[in-house]
Every structure is written in C-alpha cells, then in structure tokens.
Colleague: 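A single structure is presented below for examination.
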Amino acid sequence: MQRIIENLKLAFDDKTNVLNRHFTFKEDGRYHTVSQNLLLKENEILLLTKILVSSRSLNETELPELIDKLIDMVGVDNRKVVKDAVASERLTQTFIDDTSLRKDKLWALQQNISNNEKIRFQYTNHEAQEDAQTETVEISPVHTFFDNYYFFLVGLEKETHKYVTYRIDWMTDIKVIHVKIADDYSKRPNHGRDAQLNLYGYPGKKTRIYFEYYGYIGYIRDKFPSCKVIKKLDRPNRFPFSVNLIEIEVNYSDGVKLWLLGETTILRVVKPKAIADDIKKTLYDTYRLYDDEKKQ
C-alpha cells in the first residue's frame with residue numbers, strides 16, 4: 001500500500017500528467033484521498049439531485065442508482081451535505097408507477113435519431129381506453145423530450161405522413177427497419193418552440209387564449225414564456241392581487257385544457273369563445289358529478 005501511495009504521489013507531482021486535470025490527490029496525516037476535479041460543481045450536483053428526487057419522474061430502480069452516482073461525484077469532504085439534503089425524500093420511496101426502464105431505451109432512440117434510422121415498434125396507448133389495444137407503428141423518429149413525469153418521442157408516421165407523439169414507456173419491441181419514409185425537413189416541427197407551447201406531452205393547434213387572471217402573474221410567465229399582460233381590469237378580487245387580462249400563445253390540446261381547468265379558481269377564459277365554452281361545459285359536467293352524489 002505504501003508503494004502504491006508513493007507511485008500516486010509521483011504521478012500527481014508530474015504536472016504534465018493528465019491525472020491532474022481530472023483528479024486531486026490529497027494527503028491529510030495518515031489519510032490519503034483521490035477526488036474528482038468535478039465536471040459538475042458540488043452546488044450543481046446538489047441542485048440536480050434536489051430536482052430529480054422532487055420530480056418523481058424516475059422509477060424505483062432508476063432514481064436510487066442515478067442519485068448514488070451523482071453523490072459519488074461530490075468530494076469526500078462534502079458528500080454528507082448532499083446525502084443529508086435528500087435523505088428524507090429518499091426515505092419516502094415515492095416513485096412513478098411505471099416500472100419500465102427508460103434510460104437505455106431513451107439512449108437507443110436518440111441514437112436512432114442521430115443515425116437517421118427508421119424504426120418499427122409495438123405501441124399500447126393506455127390513455128385511450130382501459131382495455132388498450134396494441135398496434136404496430138413504423139416511423140422516422142425526429143425528437144425526444146421530457147414533460148410532466150414522462151419521456152416522449154416525436155416521429156413521422158409512415159402511413160399517415162404526420163408527426164405523432166408517443167410515450168416511450170408504452171413502446172416495446174423496437175427495431176431498426178429499412179424503409180423509405182418521405183420527410184420534408186422544411187416542415188419538421190420546431191421542437192424548441194413547441195416545448196413552450198405544449199403541455200403534458202400533448203400536441204395541439206396553435207392559438208391565442210385570453211383570460212382574466214386573479215393570482216400571481218409570475219407563475220403564468222414561468223409556465224408560458226409567450227405570456228403578455230394586456231391590461232389591468234377593474235374587477236373585484238378575493239385574493240390580494242390586481243386582476244389582469246392575460247394573453248398566452250399555446251398549442252391548444254387536452255394538456256392545455258387540463259391546466260386551465262386546474263386554475264379555474266383564479267382565472268376565467270374570455271376568448272376564443274369555443275375554448276371558453278369548452279371549459280364552461282367541462283366545469284358544468286364536473287358539477288353534475290358532485291350533484292349526482294346528493295341523489296344517491
């Protein structure tokens with residue numbers, strides 16, 4: 001062991017050695033440690049670790065493994081700081097319900113995209129109906145993204161010639177195929193922009209929505225970068241905020257509708273009228289569900 005330590009000292013004393021770029025050798029009395037010159041700083045590792053455990057977007061196999069690797073990147077002196085920071089979250093063991101492993105699948109799909117490969121897979125859309133049917137899909141994959149717990153793949157379908165979004169968890173038996181799928185690159189979706197316009201993985205039709213907002217505007221700006229405050233409104237408010245008329249540009253979909261419904265205590269859709277009527281009808285139908293309970 002002493003001979004190994006001496007060899008390490010000699011190696012680190014050589015300033016031209018590549019070791020010094022990636023590692024630090026530290027001698028403290030009887031103790032010797034080799035630490036990474038971190039690609040990520042310790043405060044960045046803490047930040048990422050907090051986001052990961054709080055997002056609950058990985059399952060019971062993926063999350064502990066990834067968190068352990070991140071913590072191992074922290075210098076020995078500060079490793080306990082990061083461990084303590086997420087100890088309570090890790091003890092609760094709260095993970096997403098789906099147990100499929102996305103890490104390798106996501107990597108393989110991204111390689112398919114990078115290599116311009118076409119793929120065939122079995123897809124089961126569990127959201128469509130309880131007794132979900134499995135179909136065979138052939139696409140030219142173009143983009144992967146993450147939204148609201150899940151990873152998604154966008155691809156140009158061979159049969160419909162449309163760009164469709166698939167949840168990666170529900171894809172199985174993925175194979176590279178050798179077929180031609182005509183792809184007009186000029187019509188490809190703008191993924192960076194769509195990420196700002198879509199919600200919860202649902203694509204939709206671009207539209208502008210105007211609503212009265214009775215809460216803290218910062219949340220709207222964070223959720224919708226396109227947010228514009230049109231004007232302040234002279235409206236009574238049971239909350240200690242001004243009432244504002246807000247405009248957002250979105251791809252209207254079930255995802256955007258879900259968000260609007262979740263905020264109905266502090267917003268009222270003004271236009272387009274079709275969307276306002278859609279929200280109003282859904283709220284009325286929801287009220288009837290509760291009203292029906294009184295009759296039981």
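Everything numeric in this text was worked out from a predicted model, so none of it was measured.
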Colleague: Can you confirm whether more than 12 heavy atoms, excluding those of K257, are under 6.0 Å from its NZ atom?
Modeller: yes
Colleague: Salt-bridged, K281 to D277, with N to O below 4.0 Å?
Modeller: no
Colleague: Run the ring pair (Phe, Tyr, Trp, His ring centres under 6.0 Å) test against Y200 and tell me which residues pass, sequence neighbours left out.
Modeller: none
Colleague: Think R102 forms a cation-pi with F151, using NZ or CZ under 6.0 Å from the six-ring centre and within 45 degrees of its axis?
Modeller: no
Colleague: Check the pair F152, I168 against side-chain contact (heavy atoms from CB on, under 4.5 Å), reporting the backbone distance first and the verdict last.
Modeller: CA-CA 5 Å; F152 296 89; I168 287 176; 5.6 Å; no
Colleague: Checking K223 side chain against G218 main chain: does a donor-acceptor pair fall under 3.5 Å?
Modeller: no
Colleague: Determine yes or no for a side-chain-to-main-chain donor-acceptor pair under 3.5 angstrom, with D147 supplying the side chain and G201 the backbone.
Modeller: yes
Colleague: Using only atom types and a distance under 3.5 Å, with no angle test, would you say the side chain of Q110 pairs donor to acceptor with the backbone of W107?
Modeller: no
Colleague: Looking at Y252, does the NZ or CZ of K205 lie under 6.0 angstrom from its six-membered ring centre and within 45 degrees of the ring axis?
Modeller: no
Colleague: Counting only heavy atoms from other residues, nucleotides and ligands, does the tally under 6.0 Å from NZ of K105 exceed 12?
Modeller: yes
Colleague: Which ILVMFWY residues are connected to L101, directly or by a chain of links, through side-chain heavy atoms under 4.5 Å apart?
Modeller: none
Colleague: Are more than 12 heavy atoms from other residues, nucleotides or ligands located less than 6.0 Å from atom OH of Y216?
Modeller: no
Colleague: If you apply the rule side-chain contact (heavy atoms from CB on, under 4.5 Å), what do you find for T136 with Y123, and how did you get there?
Modeller: CA-CA 6 Å; T136 300; Y123 190 69; over 6 Å; no
Colleague: For this output row, return yes or no: ring centroids of F224 and W259 closer than 6.0 angstrom.
Modeller: yes
Colleague: Give a yes or no on whether the ring-centroid distance for Y290 and Y287 is below 6.0 angstrom.
Modeller: no
Colleague: The criterion is side-chain contact (heavy atoms from CB on, under 4.5 Å); which residues satisfy it with E157, sequence neighbours excluded?
Modeller: V137, I139, T160, V164, Y166
Colleague: For residues 172-179, tabulate all N or O donor-acceptor pairs below 3.5 Å that involve a side-chain atom, not counting sequence neighbours.
Modeller:
residue: D173; atom: OD1; partner: K175; partner atom: NZ; Å: 2.3
residue: D173; atom: OD2; partner: K175; partner atom: NZ; Å: 3.4

Colleague: May I ask you to list the residues sharing a hydrophobic cluster with I51, side-chain cutoff 4.5 Å, ordered by chain and number?
Modeller: L47
Colleague: Determine the minimum heavy-atom distance between S253 and P203, stating which atoms define it.
Modeller: CB-O, 3.3 Å
Colleague: Does Y219, at its OH atom, have more than 12 non-hydrogen atoms belonging to other residues, nucleotides or ligands within less than 6.0 Å?
Modeller: no
Colleague: Keeping N115 on the side-chain end and Q111 on the backbone end, is there a donor-acceptor pair under 3.5 Å?
Modeller: yes
Colleague: Any salt bridge between K118 and E138, counting N to O under 4.0 Å?
Modeller: no
Colleague: Between the side chains of E62 and K103, is the shortest nitrogen-to-carboxylate-oxygen separation below 4.0 Å, so that they form an ion pair?
Modeller: no
Colleague: What residue pairs, at least two apart or across chains, pass salt bridge (Lys or Arg N to Asp or Glu O under 4.0 Å) with a residue in residues 242-253?
Modeller: R193-E249, R208-E247, R208-E249
